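Working notes for the structure below.
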Amino acid sequence: MQIDLTGRMALVTGSTQGIGAAIAAGLARAGARVAVNGRSEERVREAIDRLRGEVPGADLVPAAADVGTAEGADRLAQSLPDVDVLVNNLGVFGSADALEISDAEWRRYFEINVLAAVRLTRMFLPGMMERGWGRVQYIASDSAVVVPAEMIHYGMTKTSLLAVSRGFAKKAAGTGVTVNSVLAGPTHTGGVEDFVYELVDRSLPWDEAQRAFMREHRPQSLLQRLIEPEEIAHMVVYLSSDQASATTGGALRVDGGYVDAILP
């Protein structure tokens with residue numbers, strides 16, 4: 001399958017590292033112009049330099065803004081008025097005792113993981129609908145369906161994204177705009193390495209720590225390894241394409257078979 005996104009403008013939030021950076025690289029390889037987003041100009045510049053090394057000739061636009069705030073989102077929307085592909089990837093995660101999560105922490109997780117995506121969708125979806133083409137995606141998680149006991153505040157936000165995605169898909173019905181969520185399984189990123197070492201012996205080498213984590217905390221994974229960020233990006237690139245024109249309102253799994261269900 002040849003995916004060509006030439007002429008499309010894409011915004012990937014939280015794309016200076018991890019899954020977001022892999023998605024930005026994947027979209028750029030397919031020919032899209034990609035806005036790379038992070039909170040600081042320095043981190044965005046560093047990410048763009050890195051991505052251009054990975055994807056020679058990539059058309060990348062710096063988009064430094066804290067989209068977890070209304071002010072940051074407004075500033076970004078003013079600098080990128082016509083976005084064709086919006087990938088809401090920004091998110092925070094971490095483990096915590098369910099009975100010790102404060103009100104402030106519940107709010108922080110909701111505002112960054114959910115409200116930021118809703119806000120950007122409100123900003124960019126109308127233009128897509130007017131132009132008759134667009135792609136909105138939410139990077140959700142297996143935790144939306146199988147909520148981990150050690151991070152229920154995170155799971156709550158990812159479940160919320162499934163509802164948000166389905167609802168906005170209905171709003172965009174018949175316009176040529178598709179809206180979907182991607183359920184990412186346990187994925188190998190720097191942040192996840194830190195998370196793994198919160199739960200297993202820090203003295204273990206990474207390969208052993210990863211296996212121990214999957215065995216003890218994610219035993220239902222059929223892949224039996226962490227997913228690489230590029231594997232998530234492949235799904236996002238496909239959903240961003242013309243070939244995915246009949247896929248909307250869905251929750252598509254790149255979870256390594258983690259969710260024990262035939263349908264999501």
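Quantities reported herein were computed from a predicted structural model and do not represent experimental measurements.
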Identify the two heavy atoms, one from Pro205 and one from Tyr197, that lie closest to each other, and give their separation to 0.1 Å.
C-OH, 3.5 Å
Would Tyr138 end up clustered with Met235 when hydrophobic side chains under 4.5 Å apart are linked, directly or stepwise?
no
So does Gln220 have more than 12 non-hydrogen atoms from other groups sitting under 6.0 Å from CD?
yes
Candidates Ile227, Asp142, Ile139 - the one meeting side chain to side chain contact (heavy atoms under 4.5 Å, CB included) with Thr187
Ile227
Considering all heavy atoms of both residues, which atom of Val83 and which atom of Leu86 are nearest to each other, and what is their separation?
CG1-N, 4.1 Å
Please answer whether the main-chain N or O of Leu90 pairs with a side-chain N or O of Thr13 as donor and acceptor at a distance below 3.5 Å.
yes
State, to 0.1 Å, how close Ala77 and Met123 come at their nearest heavy-atom pair, and which atoms those are.
CB-SD, 3.7 Å
As an exercise, state the distance from NE2 of His234 to CD of Glu230, rounded to the nearest 0.5 Å.
7.0 Å
Contact check, side chains of Phe93 and Ser141, non-hydrogen atoms, under 4.5 Å:
no
On a heavy-atom basis, the closest approach of Thr16 and Arg43 is OG1-NH2, 3.7 Å
Thr189 side chain reached by Gln17 side chain, heavy atoms, under 4.5 Å
no
Crowding at CG, Asp49 (>12 non-hydrogen neighbours, <6.0 Å):
yes
Taking the six-membered ring for Trp, are Phe195 and Phe213 parallel (under 30°), tilted (30 to 60°) or perpendicular (over 60°)?
perpendicular
Taking only distance into account, with no hydrogens and no angle test, what donor-acceptor pairs under 3.5 Å do side-chain atoms of residues 161-169 form with protein atoms, sequence neighbours excluded?
residue : atom : partner : partner atom : Å
Ser165  : OG   : Ser181  : N            : 3.3
Arg166  : NH1  : Gly249  : O            : 3.0

Do Tyr258 side-chain atoms and Ala184 backbone N/O form a donor-acceptor pair below 3.5 Å?
no
With hydrophobic residues grouped by side-chain heavy-atom distances under 4.5 Å, do Trp133 and Val177 end up in a single group?
no
To the nearest 0.5 angstrom, please state how far the OG1 atom of Thr121 sits from the CG atom of Asn88.
4.5 Å
Carboxylate-amine/guanidinium proximity below 4.0 Å for Glu105 and Arg108
yes
Value for CD (Glu198) from NE2 (His217), rounded to nearest 0.5 Å, stands at 10.5 Å
Around atom CZ of Arg50, are there more than 12 heavy atoms of other residues, nucleotides or ligands at under 6.0 Å?
yes
Distance, nearest 0.5 Å, that separates OH of Tyr238 from CD1 of Ile3
8.0 Å
Is it true that Arg8 and Asp242 make a salt bridge, defined as a side-chain N closer than 4.0 Å to a carboxylate O?
yes
Criterion side chain to side chain donor-acceptor pair (under 3.5 Å) on Ser240 and Gln137, from CA distance to verdict:
CA-CA 8 Å; Ser240 302; Gln137 298 178 53; 2.9 Å; yes
Taking it one step at a time, do Val179 and Lys170 satisfy side-chain contact (heavy atoms from CB on, under 4.5 Å)?
CA-CA 9 Å; Val179 184; Lys170 291 180 178 180; over 6 Å; no
Can you check whether Leu80 reaches Met9 side chain to side chain, under 4.5 Å on heavy atoms?
yes
About how many Å separate CG of Leu183 and CG of Leu252, when rounded to the nearest 0.5 Å?
8.5 Å
So does Ile19 get a backbone contact from the side chain of Asn89, meaning a donor-acceptor N/O pair under 3.5 Å?
no
Shared ILVMFWY cluster between Trp206 and Leu204, side chains joined below 4.5 angstrom?
no
For Ala261 against Leu263, the heavy-atom pair lying closest together:
CB-O, 3.1 Å
For the residue pair Leu11 and Leu76, establish whether any side-chain heavy-atom pair is separated by less than 4.5 Å.
yes
Run Glu208 and Val200 through side-chain contact (heavy atoms from CB on, under 4.5 Å) and show every step you take.
CA-CA 10 Å; Glu208 290 183 32; Val200 302; over 6 Å; no
For Arg218, is there an ion pair with Glu150 - N to carboxylate O distance below 4.0 angstrom?
yes
Separation between CZ of Arg135 and OG1 of Thr247, rounded to the nearest 0.5 Å:
9.0 Å
Under the 3.5 angstrom rule, does the side chain of Arg253 hit a backbone N or O of Val259 as a donor-acceptor pair?
yes
Could you go step by step and tell me if Ser221 and Arg215 meet the side-chain contact (heavy atoms from CB on, under 4.5 Å) rule?
CA-CA 9 Å; Ser221 169; Arg215 183 173 60 251; over 6 Å; no
Determine all donor-acceptor pairs shorter than 3.5 Å in which one atom belongs to a side chain in residues 21-38; sequence neighbours excluded.
residue : atom : partner : partner atom : Å
Arg33   : NE   : Asp59   : OD1          : 3.4
Asn37   : OD1  : Gly14   : N            : 3.0
Asn37   : ND2  : Ala63   : O            : 2.9
Asn37   : ND2  : Ala65   : O            : 3.1

Any Phe124 side-chain heavy atom under 4.5 Å of Val85 side chain:
no
Taking all non-hydrogen atoms of both residues, which atom of Met128 and which atom of Val136 are closest, and how far apart?
SD-CG2, 3.7 Å
Assigning hydrophobic clusters by single linkage (Ile, Leu, Val, Met, Phe, Trp, Tyr; side-chain heavy-atom cutoff under 4.5 Å), is Ile112 placed with Ile152?
yes
Any side-chain heavy-atom pair of Val55 and Leu51 under 4.5 Å:
no
Joint cluster assignment, Val192 & Tyr109, ILVMFWY side-chain distance < 4.5 Å
yes
With a 3.5 Å distance limit and no angle check, can you tell me whether Asn113 reaches the backbone of Val92 through a side-chain donor-acceptor pair?
yes
Does a side-chain heavy-atom distance below 4.5 Å link Asp207 with Gln210?
yes
Are Leu226 and Met214 side-chain neighbours, meaning at least one heavy-atom pair lies under 4.5 Å?
yes
